[in-house]
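Below is one structure, written out as structure tokens, with a few remarks after it.
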Amino acid sequence: MFANGQTIIQYMELLAPKAYAMEGDKIGLHVGTLQKPIKKVMVALDVLDNVVDEAIEQGVDLIIAHHAIIFRPLKHLRTDLAAGKTFEKLIKNDIAVYTAHTNLDATDGGINDWLAEAIGLTQVEVLDPSYTDSLKKLVVFVPTTHLDVVRDAIGQAGAGAIGNYSHCTFAAPGTGTFLAQEGTTPYIGKHGKLEKVEEVRLETIVPASKQSAVIKAMKAAHPYEEVAYDVYPLELPGKSYGIGRIGKLPQPQTLKELAQHVKQVFGLTGLRVVGPLDATIKKVAVVGGDGNSFVGKSAFRGADVLITGDIYYHTAHDAMADGMHLIDAGHNIEKIMKGKVADFLRDRLIQNGYTTEVVASAIHTDPFTYM
């Protein structure tokens, strides 16, 4: 059975909720429709013409990308120009394009965490918090026969996360009553008769950003036609999310040693370094993509170096004047998301019995060649 496009995006938004995106970011569905069965998904960093050709050749129905194919408003859609030809191919081949950008950067276990992990950072924290999730308390009343099924469903959807623990819940037994009226199809009992059922009060914490997904999963797993549940706002602050990560190296390195390590880890043919190559590096900030606006924040947080991409000439001068070191590894290091997102979606689809195939684009989209 193939998953519907909306189902796949629900899984994607469990990984990267839209609420985590920076204001004005162009995320979501850009081309096509999700109201169709998806046989094959391709995960790509950029949606370039050769990536679309790759998708057509492989029979892909949906491209999930990090960088938006529509970033600025379109003035026209001319098929005699390069951009128009790409859109024409997508539409004629019924390929949808969905984008997860800064929400995938900011999320826990997203691009910046993957970059920090690849570099080998420890004691990793968010560099620049931009969103704090509010918390809700979900209480649902479940017949004892379905307690484990419902608990697992809401846990899989993101409920019950406390620190590094997941599926955290509390259950208390009790007796539920109901009287089924005409026109209902009760799971237990008969019309016109008051029923008493051994039930469990199941409660857990739910991040507000995942409330819709958790409620949907709960209702799908619950046997009752009408589910009795409550959602309460909590005063407790939730987890903070944001752009960039900051952490420590396992052992101090020189700037040159760290740059060589970054080059090797991300398979680069070259990179740019700002600062004395013999400088000692202990604390590292990392920002996937354009990190120019995070140089000062990195220095304020005590980082010895910022690893990022697309550093401007004058930004580099300012960093030098402030004694801040930089490693410009290029915007394309974000390609790490292709395999990671593909693995996440593939696992979710298999767990839920779908046969939709997920692949990572093999096209190298870095426009720069180092000579």
Side-chain angles (χ1 to χ4, degrees), residues 1 3-4 6-20 107-109 131-239 241 344 347-354:
M1 177 176 61
N4 185 273
Q6 288 282 14
T7 299
I8 294 170
I9 296 309
Q10 286 171 7
Y11 297 152
M12 187 64 205
E13 290 177 2
L14 285 176
L15 172 63
K18 284 186 173 182
Y20 299 173
T107 193
D108 191 24
Y131 177 84
T132 299
D133 220 344
S134 58
L135 292 177
K136 305 288 186 73
K137 170 65 69 70
L138 169 66
V139 177
V140 57
F141 299 89
V142 189
T144 55
T145 54
H146 285 71
L147 174 61
D148 290 340
V149 173
V150 173
R151 180 160 42 201
D152 185 62
I154 62 177
Q156 290 291 334
I162 302 177
N164 291 326
Y165 294 86
S166 67
H167 295 69
C168 299
T169 65
F170 180 81
T175 302
T177 63
F178 59 87
L179 194 155
Q181 304 292 331
E182 290 298 325
T184 62
T185 53
Y187 174 75
I188 298 173
K190 299 177 181 180
H191 293 139
K193 180 184 176 183
L194 183 67
E195 298 293 339
K196 296 182 179 180
V197 183
E198 294 304 310
E199 294 182 340
V200 174
R201 174 191 167 103
L202 179 66
E203 57 182 272
T204 188
I205 289 176
V206 180
S209 61
K210 298 183 179 180
Q211 179 179 327
S212 294
V214 169
I215 298 299
K216 183 174 182 178
M218 176 197 72
K219 288 183 175 180
H222 203 291
Y224 287 179
E225 186 177 22
E226 296 291 343
V227 181
Y229 69 96
D230 302 307
V231 178
Y232 306 101
L234 299 178
E235 293 295 330
L236 296 171
K239 188 167 183 174
Y241 301 87
F344 173 84
D347 289 346
R348 283 281 172 169
L349 288 163
I350 291 171
Q351 286 172 14
N352 289 279
Y354 293 110

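Not measured: the values here are computed from a predicted model.
Shortest non-hydrogen contact noted between P143 and P223 is CG-CG, 3.6 Å. When all heavy atoms of L135 and P237 are compared, the pair lying nearest together is CD1-O, 3.7 Å. When all heavy atoms of P17 and K210 are compared, the pair lying nearest together is CG-CE, 4.2 Å. C168 and I162 get closest at one heavy-atom pair: CB-CD1, 3.9 Å. In plain terms, the two heavy atoms of T204 and G160 that are nearest each other are OG1-CA, 3.1 Å. The two residues A171 and V200 make their nearest non-hydrogen contact at CB-CG1, 3.3 Å.
Ring geometry for Y20 versus Y131: interplanar angle of 30 to 60°, hence tilted.
Annotation: the span from L14 atom CG to I9 atom CD1 amounts to 11.0 Å, rounded to 0.5 Å. To the nearest 0.5 angstrom, L15 atom CG is 14.5 Å from Q10 atom CD. Note that the NE2 atom of H191 and the OG1 atom of T184 stand 3.5 Å from one another [nearest 0.5 Å]. Atom NZ of K239 is separated from atom OG of S209 by 11.0 Å, given to the nearest 0.5 angstrom. Note: K137 NZ to F170 CZ = 10.0 Å, rounded to the nearest 0.5 Å. Atom CE of residue M218 and atom CG of residue L202 lie 10.0 Å apart, to the nearest 0.5 angstrom.
For E195, the CD atom is densely surrounded, since the number of other residues' heavy atoms within 6.0 Å is greater than 12.
With hydrogens and angles ignored, the 3.5 Å screen pairs a side-chain donor or acceptor of N352 with a backbone N or O of R348. Of the possible donor and acceptor atoms, none in the side chain of D133 sits under 3.5 Å from a partner among the backbone N and O of P207.
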Query - Check against salt bridge (Lys or Arg N to Asp or Glu O under 4.0 Å), E203 and R201 - result: CA-CA 6 Å; E203 57 182 272; R201 174 191 167 103; 3.0 Å; yes
Query raised in the report: Are Y224 and I188 close enough, and set up right, to give a side chain to side chain contact (heavy atoms under 4.5 Å, CB included), and what steps lead you there?
Result: CA-CA 8 Å; Y224 287 179; I188 298 173; 4.0 Å; yes
Query raised in the report: Is there a ring-ring contact (aromatic ring centres under 6.0 Å, His included) between H146 and Y187 once you walk through the steps?
Result: CA-CA 12 Å; H146 285 71; Y187 174 75; 5.5 Å; yes
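Between the side chains of E225 and T185, at least one donor N or O sits under 3.5 Å from an acceptor N or O.
Counting heavy atoms from C-beta on, the side chains of L194 and F178 never come closer than 4.5 Å. Looking at heavy atoms from C-beta onward, P233 lies out of side-chain contact with S134 at the 4.5 angstrom threshold. Side-chain contact between E199 and T175 is absent, with no heavy atoms from C-beta onward closer than 4.5 Å. Residues Y229 and H222 have side chains not in contact (no heavy-atom distance under 4.5 Å, counting atoms from C-beta outward). Residues D152 and H167 have side chains in contact (heavy-atom distance under 4.5 Å, counting atoms from C-beta outward). Contact check for K136 versus I205: no side-chain heavy atoms found under the 4.5 Å cut-off.
Of the candidates V231, L234, L138, L138 is the only one forming a side chain to side chain contact (heavy atoms under 4.5 Å, CB included) with V206. Residue F141 forms a side chain to side chain contact (heavy atoms under 4.5 Å, CB included) with just one option from V197, D230, V150, and that option is D230.
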